[in-house]
Amino acid sequence: MSNKKKSDKGITSRAEDYSQWYNELVVKADLAENSGVRGSMVIKPYGYAIWEKMKEQLDKMFKETGHQNAYFPLFIPKSYFSKEASHVEGFAKECAVVTHYRLKTAEDGTIVVDETAKLEEELIVRPTSETIIWSTYKKWIQSYRDLPLLINQWANVVRWEMRTRLFLRTAEFLWQEGHTAHATSAEAIAETTQMINIYAEFAEKYMAMPVIKGSKTEKERFAGALETFTIEALMQDGKALQSGTSHFLGQNFAKAFDVTFTDKTGKQEYVWASSWGVSTRLMGALIMAHSDDKGLVLPPKLAPIQVVIVPIYKSEEDLEKIRELVNGITDQLKEKGISFKFDDRDTHRPGHKFAEYELKGVPVRLALGMRDIANGNIELARRDTFEKKIFPQEGIADYIDNLLKEMQEAIFNKALKFREEKTHKVDTYEEFKKVLNEETGFILAHWDGTSETEEKIKNETKATIRCIPFDAPEEEGRCMVTGKPSNKRVLFAKSY
RNA sequence: CGGGGUGUAGCGCAGCCCGGUUAGCGCAUCUGCUUUGGGAGCAGAGGGUCGCAGGUUCGAAUCCUGCCACCCCGACCA
């Protein structure tokens with residue numbers, strides 16, 4: 001009976017069913033919902049507000065490192081798409097294709113495709129924009145003076161995935177994709193490295209989510225890349241989530257699209273390239289990294305509302321007195337650049353509002369009633385720890401300002417502690433399997449460096465090599481499967 | 001694409017096996033009164049092409065045939 005009541009008002013607990021917990025949380029916290037189109041979601045205002053905060057910060061970081069935004073078309077002619085062989089192979093199986101450009105009304109009154117309006121050449125809805133961008137860059141780049149070319153675009157892309165999940169994998173998703181061109185290999189690699197560092201900084205400082213930076217193995221590399229760098233985060237169910245990637249493309253795309261430049265010595269050379277991206281999948285990462293059975297837990301830096309104020313009153317006169325006091329407090333919050341909401345709706349009672357803002361992950365909640373007014377106090381509750389305290393109204397804005405910073409750190413530290421507890425070093429394959437089944441999480445183990453072994457491990461355990469961490473210490477060891485020598489440990493996990 | 005399942009009010013479901021009043025229930029919505037320091041109570045009201053198209057029948061949400069859509073589990077993926 002109590003369970004039934006719980007499912008009406010609250011959400012399924014993580015222990016009960018992690019995946020259901022996630023789905024219910026996304027819907028009930030008003031972040032997104034499924035649409036009438038398979039695998040495509042509607043991002044609701046509250047969810048979009050979080051995405052906008054992420055976007056705003058990332059955009060700032062890109063611009064600070066010399067990048068500019070531009071916009072390239074949604075449709076890509078099929079012919080462009082087939083120039084870089086390994087790239088096509090990677091995406092061909094999941095492309096939406098436009099074949100006609102007109103509809104008509106059939107005799108029975110239904111709307112049908114007008115077969116006479118067939119396109120000469122089919123258009124591909126972009127699954128990523130390398131091809132259309134590189135065919136444009138060919139026109140933009142002639143001399144070393146045109147380099148480096150540092151461009152980013154914010155866009156939507158479509159990948160016809162078999163199985164989809166809100167934010168984590170949708171058929172259409174929002175992202176940014178950076179595409180840069182350089183005169184030398186070293187510069188392109190430096191760019192690729194710089195961008196993965198920016199992603200890591202964003203993840204850790206803004207999303208409060210610790211990540212491990214590293215290189216992908218050949219098997220897990222982006223289609224058409226020579227090197228893929230990644231940031232990997234650990235979710236609360238012990239699975240890894242690839243949260244951002246940066247690719248060194250070598251001269252593959254330059255050669256495929258014939259993009260050359262004249263260098264200082266007058267020689268014709270192909271340019272060197274990088275591409276990098278993060279998507280609305282970061283929303284999924286943010287949700288799964290911190291949230292609890294009561295709902296969302298948002299790091300203050302990304303919370304659309306940082307402080308909510310709930311009045312507790314019996315009469316209009318009471319509410320007026322509260323409102324006056326609240327105005328004084330919100331003026332101070334405004335000065336400090338803290339976002340807030342005064343929820344004076346008369347249609348819901350305080351308890352309802354408390355639960356609602358916990359579900360939505362608002363970091364700080366203030367409650368103010370006649371009792372507090374009489375004593376010059378205010379009640380403050382923090383979302384991450386549920387700690388509730390009574391404070392004097394005097395100086396509350398300063399206190400909140402510090403508290404938000406403290407919470408940002410506390411949320412990161414909690415996630416970091418969790419990751420450390422869930423990271424295991426193992427030396428034998430038996431131990432590896434045991435940890436995967438009983439503990440889950442990240443596993444650091446020796447690997448012989450071959451795709452065969454990697455494949456075998458994946459088939460037998462479903463775990464993959466998430467990355468070869470940049471900071472992995474040199475260490476003599478033997479591959480846990482084949483016993484061949486290895487000089488560092490790589491990071492394994494089951495992943496999303 | 002293989003295996004399983006579901007389509008009935010805005011949402012979640014019952015009814016179907018065994019055909020028969022006016023198709024129910026919970027949540028939500030609307031109105032009124034009382035409430036307001038942890039998801040309010042009572043009273044009343046509105047809301048349906050029963051996924052679509054055929055068929056069987058005096059009669060179909062229920063039986064039959066075909067189609068469509070969606071969900072879950074696998075192989076692929078940010």
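Just so it is clear: chains get the letters A, B, ... in the order the sequence lines come, proteins before strands, and each one is counted from 1.
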Pair [X] + [Y], salt bridge at N-O below 4.0 Å:
X	Y	answer
A:Lys456	A:Glu460	yes
A:Glu33	A:Lys44	yes
A:Asp344	A:Arg323	yes
A:Asp384	A:Arg382	yes

### Task
Starting from C1' on B:U36, measure out to NZ on A:Lys353 and report it in whole angstrom.
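Taking NZ of A:Lys353 and C1' of B:U36, I get 9 Å after rounding.
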
### Pairing string, 5' to 3', for RNA chain B - Watson-Crick or wobble contacts under 3.5 Å, brackets [ ] where pairs cross, | to another strand
(((((((..((((......[...)))).((((((.....)))))).....(((((..]....))))))))))))....

In [range], which ones come under 4.0 Å of RNA chain B, going by heavy atoms?
range	answer
residues 168-179 of chain A	A:Leu168, A:Arg169, A:Thr170, A:Phe173
residues 302-321 of chain A	A:Ile312, A:Tyr313, A:Lys314
residues 275-289 of chain A	A:Ser279, A:Arg281

#### Entry: A:Ile329 side chain reached by A:Phe340 side chain, heavy atoms, under 4.5 Å
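Result no, sub-4.5 Å side-chain heavy-atom pair not found.
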
### Task
Quick one: do A:His290 and A:Leu298 satisfy side chain to side chain contact (heavy atoms under 4.5 Å, CB included)? Show the steps, please.
CA-CA 7 Å; A:His290 310 306; A:Leu298 292 175; over 6 Å; no

### Query
Is there a side-chain polar atom (N or O) of A:Arg349 under 4.0 Å from OP1 or OP2 of B:A40?
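True: A:Arg349 side-chain N/O within range (under 4.0 Å) of B:A40 OP1/OP2.
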
### Task
Mark yes or no for a side-chain to base donor-acceptor pair under 3.5 Å between A:Lys388 and B:G38, with no hydrogen or angle criteria applied.
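Yes, a donor-acceptor pair under 3.5 Å.
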
### Query
Side chain of A:Glu358, base of B:G38: donor and acceptor closer than 3.5 Å?
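Present.
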
### Message
Mind checking if A:Glu161 touches a base, just sugar-phosphate, or nothing, with heavy atoms under 4.0 Å?
### Response
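Answer is base: heavy atoms of A:Glu161 come under 4.0 Å of a base.
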
### Message
Regarding A:Arg365, tell me which of base, sugar-phosphate or nothing describes its non-hydrogen contacts under 4.0 Å with the strands shown.
### Response
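A:Arg365: base contact, heavy atoms under 4.0 Å.
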
#### Entry: Residue pairs fulfilling salt bridge (charged side-chain N to carboxylate O under 4.0 Å, His left out) with at least one residue in residues 190-202 of chain A, sequence neighbours excluded
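Qualifying pairs: A:Glu201-A:Lys205.
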
### Message
Taking the six-membered ring of A:Tyr429 as reference, does the cationic atom of A:Lys433 (NZ for Lys, CZ for Arg) lie under 6.0 Å from its centre and within 45° of its axis?
### Response
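Yes - A:Lys433 lies over the ring of A:Tyr429, closer than 6.0 Å to its centre and within 45° of its axis.
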
Donor-acceptor pairs under 3.5 Å, side chain of residues 363-373 of chain A to any protein atom, not counting sequence neighbours: which ones?
residue	atom	partner	partner atom	Å
A:Arg365	NH1	A:Glu358	OE2	3.2
A:Asp372	OD2	A:Gly369	N	2.9

### Message
Can a side-chain donor-acceptor contact be found between A:Trp21 and A:Ser19 if the only test is distance below 3.5 angstrom?
### Response
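No, because no side-chain N or O of A:Ser19 sits under 3.5 Å from a partner of the opposite role on A:Trp21.
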
### Side chain of A:His352 - closest among B:A40, B:G38, B:G37
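From the listed options, B:A40 comes nearest.
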
### Selection from B:A75, B:A78, B:G37 that lies nearest to any side-chain heavy atom of A:Asp372
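For the A:Asp372 side chain, the nearest candidate turns out to be B:G37.
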
